[in-house]
Amino acid sequence: MAFWQARDFLFCGVCGSLLTFDSVRSASCPLCGFKRKAKEIEGKETRYTVTAEDIRRELKIDPFEEVLVRRPVTSKTCPKCNHSKAEYYSRQVRAADEGETTFYECTECRHTFKEN
């Protein structure tokens, strides 16, 4: 079995156009007339994956630019290496009536720890 028969069963084997069904028995290419029996297509599954990058390319929008976000640094001693500075951020991880949790990441060894 040729590669295109195994993978691209809904596309023309000659020019690559999408086949259209003429009847319940066959599908044909609207450009070059290539025909494929419906039995060859029956029971096969088609899946498409579309990424955000695919959409941006199709709409001719500039690709995503990575932005480096720097977290604030505070004087907090790392329990692993005893370095005195750590980056931090806060999140509400428990019930709304409880305080937020502060997460720290050592600027030296990148160990993460938290404070409730």
Side-chain angles (χ1 to χ4, degrees):
M1 181 182 293
F3 178 76
W4 61 266
Q5 289 174 319
R7 307 261 332 232
D8 296 325
F9 54 88
L10 287 178
F11 295 92
C12 176
V14 177
C15 70
S17 297
L18 184 64
L19 299 177
T20 57
F21 282 91
D22 303 326
S23 67
V24 294
R25 294 188 179 168
S26 68
S28 66
C29 176
L31 293 179
C32 70
F34 174 83
K35 285 195 178 269
R36 178 163 294 143
K37 292 179 185 175
K39 293 255 185 216
E40 295 175 21
I41 299 170
E42 183 180 8
K44 295 195 177 178
E45 181 179 319
T46 303
R47 286 187 216 174
Y48 297 99
T49 302
V50 179
T51 65
E53 190 60 37
D54 293 332
I55 294 169
R56 295 180 75 80
R57 190 178 315 108
E58 184 68 25
L59 296 175
K60 295 179 174 65
I61 299 173
D62 291 334
F64 290 114
E65 294 180 19
E66 290 201 27
V67 178
L68 181 62
V69 177
R70 299 209 51 157
R71 293 180 286 197
V73 177
T74 187
S75 297
K76 190 74 170 176
T77 303
C78 173
K80 185 175 178 183
C81 72
N82 290 323
H83 186 69
S84 63
K85 294 198 183 289
E87 296 177 354
Y88 71 95
Y89 61 96
S90 299
R91 293 276 185 263
Q92 184 72 36
V93 293
R94 294 174 287 160
D97 62 339
E98 296 183 38
E100 62 185 17
T101 301
T102 304
F103 295 89
Y104 297 94
E105 184 176 341
C106 177
T107 57
E108 186 72 25
C109 70
R110 307 318 277 177
H111 174 69
T112 57
F113 53 100
K114 64 183 179 178
E115 185 177 90
N116 293 332

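Just so you know, residue 1 is the first one in the sequence shown, and it goes up from there. This is a predicted model, so every value here is computed, not measured.
When every heavy atom of Thr49 is checked against every heavy atom of Asp54, the shortest pair comes out as O-OD2, 3.9 Å. Heavy atoms only, all atoms of each residue included: Phe11 and Gly16 are closest at CD2-O, 3.5 Å. Nearest heavy-atom pair across Asp22 and Ser28 is OD2-OG, 2.8 Å.
Following chains of ILVMFWY side-chain contacts shorter than 4.5 Å, one can reach Val93 starting from Tyr89, so the two form part of one hydrophobic cluster. A chain of hydrophobic side-chain contacts below 4.5 Å, direct or via other Ile, Leu, Val, Met, Phe, Trp or Tyr residues, connects Val14 to Leu19. Under a hydrophobic-cluster definition in which Ile, Leu, Val, Met, Phe, Trp and Tyr are linked whenever side-chain heavy atoms come within less than 4.5 Å, directly or via other members, Phe21 and Val24 are assigned to different clusters.
Between the CZ atom in Arg91 and the OG1 atom in Thr102 there is a gap of 11.0 Å [rounded to 0.5 Å]. Interatomic distance, SG of Cys81 versus CD of Glu108, reported as 6.0 Å (0.5 Å rounding). With rounding to the nearest 0.5 angstrom, the NZ atom of Lys114 is 13.0 Å from the OG atom of Ser90. Between the CZ atom in Arg57 and the CG atom in Asp62 there is a gap of 13.0 Å [rounded to 0.5 Å]. A distance of 11.5 Å separates OG1 of Thr74 from CD of Glu87, quoted to the nearest 0.5 Å. Distance check: His83 NE2 to Arg110 CZ gives 9.5 Å after rounding to the nearest 0.5 Å.
Within the 4.5 Å cutoff, no side-chain heavy atoms of Glu105 are placed close to those of Lys76. Using a 4.5 Å heavy-atom threshold, the side chains of Pro79 and His111 count as touching.
Listed for the Ser17 side chain is no donor-acceptor partner under 3.5 Å among the backbone atoms of Cys29.
Surrounding CD of Glu98 are more than 12 heavy atoms belonging to other residues, nucleotides or ligands, all under 6.0 Å away.
Ring planes of Tyr88 and Tyr104: tilted class, angle from 30 to 60°.
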